[in-house]
Amino acid sequence: MKYVVGSAWPYVQTVPHLGNMIGSVLSADVYARYLRLRGHDVVFISGSDMHGTPIEVEAIQLGVSPHEYAERMHKIVAELFKRWDISFDLYTHTHTDTHVKFVQEFYRKVYENNYIFHKEEEIPYCPNDGIYLPDRFVVGKCPHCGYERARGDQCENCGRLLDPRQLVEPKCAICNGAPIWRLTRHWYLDLKKLEDKVREYVEKNPHLPPAAREMSLAMLREGLKPRAVTRDNKWGIPAPFPGAEDKTIYVWFEAVLGYISAVIELTTSRGDSEGWKKYWTEQDTRIVFFVGKDNVPFHVVILPALLIAAGGYTMPTTTASTEFLMYEGDKFSKSRRWGIWIDEALQLLPPDYWRFVLIYIRPENRDANFTWTAALEIINKVMNDDVGNYVNRVLTLAKRHVGGVPPEGSPTELEIDFWSRVYKLFKDAERYYDAIELKNALHAVVEIAREGNRYLNARAPWDLYKRNVEEANAVLHYAYRSLKLLAAGLAPITPRVVEKLWSAMGQTTQLTWEEAQRPPTPGAPLGDVKPLFRKISEEEARELLRRLEEIRAKKSTAKYPWEQVIL
RNA sequence: AGCGGGGUAGGCCAGCCUGGUAGGCCGCGGGGCUCAUAACCCCGAGGUCCCCGGUUCAAAUCCGGGCCCCGCUACCA
């Protein structure tokens with residue numbers, strides 16, 4: 001089966017934090033790695049979302065061009081993903097020639113198919129900064145409660161939705177100057193016209209997670225309203241509509257098309273400029289997106305609507321979303337410096353540790369809370385004591401008593417029972433991976449090690465070797481086979497460690513999901529047996545955090561955001 | 001306000017769709033083992049499954065009402 005795995009395109013204004021990571025990029029990577037292990041044809045892509053008002057504004061404030069700003073941040077984020085062992089086939093960005101050209105052609109088609117219309121409206125404009133202001137960039141006194149710093153879209157104090165025109169004494173959020181209202185023309189996507197087809201897509205799609213489905217159907221019940229696809233920004237992709245020469249495409253509406261343009265870029269770079277069609281126009285492709293829950297409507301409703309409007313594309317199979325991750329009981333917040341960002345994380349622990357912990361607590365049904373107490377518990381108790389120590393027990397015993405991969409010996413009913421239990425857990429993990437319930441998959445895999453620990457205690461091969469070598473061999477043989485299952489089950493999550501494990505097991509073939517289930521070659525020599533993980537004491541964690549604070553303090557004085565990143 | 005999610009032992013969470021003696025991990029008390037990363041295994045204590053009402057022989061699980069927490073609400077990525 002062919003798969004396109006896409007993770008939400010990170011906005012390059014800042015480096016992602018752990019919550020962003022688990023929602024999109026890391027989850028997508030785990031799934032993509034799993035699919036590859038199963039032998040599927042996988043294209044795993046994403047890229048930086050380079051355009052948009054916040055970047056334009058911030059660049060202007062810093063006195064650099066938006067292009068330079070975005071380009072620098074993109075390079076850093078791409079490098080960080082590499083260090084997190086994210087196995088992108090391509091991590092690109094939205095300012096490539098391929099993307100720009102594709103987006104323009106795409107919207108030309110949508111236009112020709114009569115899904116675009118334009119109308120005039122008055123938009124706040126800041127004469128000082130020379131830009132049109134999004135609602136949030138206009139602040140002023142709330143007409144309802146008198147709160148002074150109400151934003152143009154909503155008052156934080158009383159929670160009421162606002163229109164920037166309602167604000168008393170409106171000001172530009174950037175320079176505090178008074179905005180003026182200017183008549184401008186915008187081009188709209190006629191979502192109303194697409195509503196029935198989108199509803200059919202959502203209703204007939206058996207793969208969508210219930211929550212995403214509900215949210216989308218609720219939106220459809222209310223009725224889709226036309227949405228402007230153009231903006232007056234300079235930093236963006238020029239709109240291809242007649243008369244829209246000075247407009248750009250709204251970032252939301254072009255970044256999502258990156259899922260297609262990135263595949264084009266990828267296959268083209270492999271010398272096959274038409275190869276992308278295999279993935280995006282043929283029906284036997286599964287297209288799966290990974291996003292945080294805030295992103296669901298866009299991927300389940302708007303992007304499918306766009307694909308229908310342009311015509312000729314394969315419809316996305318599903319969108320796997322997560323709830324949010326909190327940090328020590330509170331929302332991640334850049335301004336309050338609350339949370340851990342992905343550059344900082346790597347200063348504290350190796351990527352496999354983070355990957356394991358984050359997947360272990362992945363917010364699948366509800367918001368989850370990252371706490372250091374819990375993280376250390378998972379690292380020390382689960383990763384080390386349950387998994388790492390089990391591996392070490394089996395391999396040490398095998399090395400000592402057999403000197404290689406244990407032969408099948410004379411298995412008793414106990415061995416067969418054990419094998420059927422761990423094999424069932426492996427199949428559970430498989431089912432969970434298939435359903436993109438990554439947290440449950442990992443929990444099932446960990447259970448293999450727990451089962452193994454129980455088994456070793458019950459069978460006590462160290463003792464059995466004194467009485468019945470054949471039977472003792474059988475115990476180690478099946479324990480060894482459980483390690484193969486464990487390796488495959490963990491491979492998508494902790495790829496680096498599994499590589500070490502696989503070679504410690506003396507395996508020379510490529511690890512695949514199939515291979516993991518086959519019996520090993522008895523007598524094959526084992527590799528170096530060393531603990532897979534190590535524990536992190538509370539004191540060490542405290543020390544690491546203290547050092548992080550120091551680095552943060554030093555970095556926060558840097559002028560440019562890309563200088564604040566810890567590499 | 002509307003929409004979505006959630007309220008299960010001291011902590012974190014699974015179970016809820018497909019009703020039937022309330023599970024797991026950590027922590028705590030006791031024991032076992034000694035191959036292993038002072039690890040592992042067993043036993044035990046600890047719960048009005050937010051509240052009220054309904055359906056049912058039977059409800060954490062289905063239905064109605066209420067209270068509390070969180071997120072989203074589409075020109076924020």
Side-chain angles (χ1 to χ4, degrees), chain A residues 8-14 16 20 24 48-49 51-55 121 123 132-137 151-154 159-161 164 186 191 210-212 214-215 217-219 221-222 224-225 227-233 250-253 255-256 291-298 301-302 323-324 326 331 360-361 363-369 371 373-374 376-378 380-401 439-440 443 446-447 449-450 452-458 460-465 476 479 529-535:
Chain A
W9 289 47
Y11 196 54
V12 279
Q13 194 187 3
T14 56
N20 304 137
S24 55
S48 300
D49 181 0
H51 302 130
T53 309
I55 286 172
E121 61 186 328
I123 301 270
Y132 284 91
L133 300 168
D135 290 357
R136 285 206 177 182
F137 280 75
R151 293 182 320 218
D153 57 342
Q154 184 170 27
R160 276 180 236 249
L161 298 179
H186 278 298
L191 282 163
E214 272 314 303
M215 234 187 263
L217 287 175
M219 231 174 117
R221 269 197 301 276
E222 277 175 41
L224 300 180
K225 297 174 198 121
R227 287 192 66 181
V229 298
T230 53
R231 288 292 181 278
D232 287 301
N233 297 358
Y250 177 32
V251 284
W252 262 111
F253 279 87
V256 283
V291 303
K293 68 175 165 185
D294 51 328
N295 246 327
V296 168
F298 231 87
V301 176
I302 310 285
E323 305 293 305
F324 286 134
M326 319 268 273
K331 277 176 73 171
Y360 200 84
I361 63 171
E364 293 185 357
N365 295 325
R366 56 170 99 174
D367 290 353
N369 188 15
T371 65
T373 316
L376 291 182
E377 187 183 304
I378 292 164
N380 294 333
K381 299 283 176 188
V382 182
M383 254 173 61
N384 280 279
D385 292 348
D386 288 340
V387 178
N389 182 44
Y390 175 58
V391 168
N392 206 38
R393 293 175 84 182
V394 175
L395 292 182
T396 314
L397 285 165
K399 202 151 204 176
R400 181 169 313 147
H401 295 284
K439 172 182 171 176
N440 287 339
H443 283 253
V446 165
E447 208 49 50
R450 294 202 172 117
N453 276 321
R454 268 191 288 276
Y455 176 62
L456 285 188
N457 279 42
W462 52 90
D463 197 38
L464 199 53
Y465 266 109
L476 289 192
V529 176
K530 270 185 288 192
L532 294 181
F533 310 100
R534 68 181 191 83
K535 299 194 188 192

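Protein chains get the first letters and strands the later ones, always in sequence-line order, with residue 1 at the start of each.
- Distance check on atom C1': B:A22 versus B:G29 gives 22 Å, rounded to whole Å.
- Checking B:C35, B:C40, B:C26 against the side-chain heavy atoms of A:E377 singles out B:C26 as nearest.
- Ranking B:A14, B:U34, B:C40 by closeness to the A:W462 side chain, first place goes to B:U34.
- The gap from the P atom of B:C17 to that of B:C26 amounts to 28 Å, rounded to the nearest Å.
- Between A:K381 and B:U37 there is no side-chain N or O to OP1 or OP2 distance below 4.0 Å.
- A distance of about 8 Å separates the C1' atoms of B:A45 and B:C28, rounded to the whole Å.
- Between the base of B:U37 and the side chain of A:N392 there is no donor-acceptor pair shorter than 3.5 Å.
- Taking atom C1' in both B:C62 and B:G20, the straight-line distance is 14 Å, to the nearest Å.
- Side-chain atoms of A:E447 stay outside donor-acceptor range of the base of B:C25, with no qualifying N/O pair under 3.5 Å.
- Comparing B:C41, B:C75, B:C35 by their closest approach to the side chain of A:N453 singles out B:C41.
- B:U73 and B:A1 make up a base pair, with Watson-Crick or G-U wobble contacts both under 3.5 Å.
- Across all strands shown, B:C43 is found opposite B:G29 as a Watson-Crick or G-U wobble partner, with both distances under 3.5 Å.
- For A:D385 against B:C40, no side-chain N or O and base N or O form a donor-acceptor pair under 3.5 Å.
- Contacts of A:L224 classified as side chain to side chain contact (heavy atoms under 4.5 Å, CB included), with partners at least two apart in sequence or in another chain: A:L191, A:E195, A:M219, A:L220, A:V301.
- The aromatic ring centroids of A:Y390 and A:Y455 lie 6.0 Å or more from each other.
- On a pure distance criterion of 3.5 Å, a polar donor-acceptor pair joins the side chain of A:R231 and the base of B:C75.
- Of the candidate nucleotides B:A39, B:A36, B:C13, B:A39 has the atom lying nearest to any side-chain atom of A:K535.
- Comparing the same atom, C1', in B:U8 and in B:A1 gives a spacing of 31 Å after rounding to whole Å.
- Comparing the C1' positions of B:G6 and B:G53 gives a spacing of 22 Å, expressed to the nearest Å.
- Comparing the C1' positions of B:G7 and B:G15 gives a spacing of 15 Å, expressed to the nearest Å.
- Checking B:C42, B:U37, B:C75 against every side-chain atom of A:R227, the shortest atom distance belongs to B:C75.
- With both ends at atom P, the span from B:G46 to B:U55 equals 34 Å, rounded to whole Å.
- The side chain of A:N457 lies closest to B:C41 when the candidates are B:C26, B:C41, B:U37.
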